[in-house]
Amino acid sequence: MTAGTQAPSRTRASTLVVTGLLVGAVAVRVLAPSEGGDALPDAVRDFVTLTLSVLIESLPFVFLGILLSIAVQVWVPQRLLHRVLPRTPALRRLAISVLGILLPVCECGNVPLSRGLIARGFSVPDALTFLLAAPILNPVTIITTYQVFGWDDGILVARILGALVIANLVGWLFSRHPQPSSMLTPSFAAACETEHGHGSSASGRALRSLSLFRSETAAMMPALFVGCSIAGLIQVGVSRDLLVALGSDPIWSVVALMALAFVVSLCSNVDAFFVLALGPAFLPGSIVSFLLFGPMIDVKMLALLRTTFTARTLAVLTTLVALASAAVGLGVNLVA
């Protein structure tokens, strides 16, 4: 089998597998009796419900991110992207970190969009800066956070400034890597090389867009389903009573809500409404850490990122974001 036929075959196989799993999950949730001797265990029903809820919430943003990624790779002139951004690396990353204002995509959609930026010639540190900042520094997230908290306890300001600082700090640290391309998976790095070799004639753009849509969908959908399933499984097994019991401690409250953010894998556009219910039990700094860490790193996000970055890179990235988010939260607790 040639390389040209392998990609469509993998796309079809991935689509069939994900479709089958999704249909099976829906069938279990809808057709299984809710009571009686034949009812499924509550834990199983909760797992299916939580998995589907995270998947349904994420799916539109993933497709939007794929479409934006295709637009960046195929239809936006490469010289335009590089001409409008500053040449100084630090200023360039600062500008990239606020691109989310123009591209208000949830963190799920930012993964394929970041893949598109790398394929278009952006460096790995630049793409990571965008990836971390855009879910928070976009108008939808900022407005919803303001609607929930207003200016109370500095939560909104801490979230905006914290996201800006963390994204640029991580981008700067990764820019010190001697071989940034080694942080990419071999398959994605090879795809980027192939992409650079393609022509950009107008007659072939539509076909190239369709090809990219198939390949990106094949890469994203299995990872998304696995990530949502893991999120659902962890939510069933984690005791929320334990998390709430830790809410009054200035340190453990931060750790507890960061763990909760990692597990529940909420969209950054709605996570403020979720955490509002926990507000009376948790200190402001822990809420800030929740609102910072969740949109940048969660279990679903890591599954998606694994299509692009090596496991070692993701381990370092998760550690840096966790430490920085915790530091911001602890600082808010000390001030509040």
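Computed over heavy atoms, backbone and side chain alike; hydrogens, waters and symmetry mates excluded.
- Note that the OG atom of Ser97 and the CG atom of Leu128 stand 13.0 Å from one another [nearest 0.5 Å].
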How far apart are the C-alpha atoms of Asn110 and Leu113, what are their side-chain angles, what is the distance that settles it, and do they pass the side-chain contact (heavy atoms from CB on, under 4.5 Å) test? CA-CA 5 Å; Asn110 280 324; Leu113 184 51; 4.1 Å; yes

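- Under the 4.5 Å side-chain heavy-atom criterion for ILVMFWY residues, a single connected hydrophobic cluster contains both Ile297 and Trp172.
- Looking at Asp126 and Leu117, their side chains never come closer than 4.5 Å, going by heavy atoms from C-beta outward.
- Heavy atoms from other residues, nucleotides or ligands lying under 6.0 Å from CD1 of Ile251 number 12 at most.
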side-chain contact (heavy atoms from CB on, under 4.5 Å) for Leu317 and Phe309? Distances and angles first, verdict last. CA-CA 10 Å; Leu317 178 66; Phe309 300 100; 5.9 Å; no

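- Across all their heavy atoms, Ala134 and Asn138 have their closest contact at O-ND2, 3.0 Å.
- At a threshold of 4.5 Å between side-chain heavy atoms, the hydrophobic network of Ile, Leu, Val, Met, Phe, Trp and Tyr places Leu260 and Val275 in one connected group.
- Taking both residues in full, the closest heavy atoms of Ile166 and Ala324 are given as CG1-CB, 3.7 Å, listed atom of the first, atom of the second, then distance.
- Considering only heavy atoms from C-beta on, Ile136 comes within 4.5 Å of Met296 through its side chain.
- Partner Val316 forms a side-chain contact (heavy atoms from CB on, under 4.5 Å) with one of Thr319, Leu320, Thr313 and no other, that one being Leu320.
- Linking ILVMFWY side-chain heavy atoms closer than 4.5 Å, directly or via other members, places Leu314 and Leu323 in two distinct hydrophobic clusters.
- The line from CH2 of Trp252 to CG of Leu257 is 13.5 Å long, rounded to the nearest 0.5 Å.
- The backbone N or O of Ala322 lies less than 3.5 Å from no partner atom in the side chain of Ser325, so there is not a single donor-acceptor pair.
- Using a 4.5 Å heavy-atom cutoff, the side chains of Thr185 and Arg306 are in contact.
- Closest heavy-atom contact between Ala95 and Pro86: CB-CD, 3.8 Å.
- With rounding to the nearest 0.5 Å, the separation of OG1 in Thr318 from CZ in Phe262 is 6.5 Å.
- Once rounded to the nearest 0.5 Å, the distance linking CZ of Phe282 with CG of Asp249 reads 10.5 Å.
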side-chain contact (heavy atoms from CB on, under 4.5 Å) assessment of Val148 paired with Leu156: CA-CA 9 Å; Val148 173; Leu156 173 62; over 6 Å; no

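- Pro295 has its side chain within reach of Arg159: a pair of non-hydrogen atoms, C-beta onward, lies under 4.5 Å apart.
- The main-chain N or O of Leu137 is never found under 3.5 Å from a side-chain atom of Thr141 such that the two would form a donor-acceptor pair.
- In this structure, Leu161 is a member of the same hydrophobic cluster as Trp151, with clusters built from ILVMFWY side-chain heavy atoms closer than 4.5 Å.
- Taking CZ of Arg93 as the reference point, atom CD1 of Ile96 lies at 8.5 Å (rounded to 0.5 Å).
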Quick one, Phe290 with Asp271, criterion side-chain contact (heavy atoms from CB on, under 4.5 Å). Give me CA distance, side-chain angles, the key distance, then yes/no. CA-CA 9 Å; Phe290 176 95; Asp271 57 0; 4.0 Å; yes

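- Smallest separation of non-hydrogen atoms from Ser114 and Leu131: OG-CD1, 3.3 Å.
- Side-chain polar atoms of Thr307 and Arg115 form a donor-acceptor pair below 3.5 angstrom.
- No path of Ile, Leu, Val, Met, Phe, Trp and Tyr side chains, each step under 4.5 Å between heavy atoms, connects Val157 with Val335, placing them in separate hydrophobic clusters.
- Looking only at distances, no side-chain donor or acceptor of Asp153 sits under 3.5 Å from a matching main-chain atom of Pro284.
- Interatomic distance, OG of Ser123 versus CZ of Arg92, reported as 6.5 Å (0.5 Å rounding).
- Closest non-hydrogen pair, His177 versus Ser182, comes out as CE1-OG, 3.2 Å.
- Contact record, Leu283 with Ser253: CD1-OG, 4.1 Å, taken as the closest heavy-atom pair.
- Proximity of Val263 to Val299: side-chain heavy atoms (C-beta onward) are nowhere separated by under 4.5 Å.
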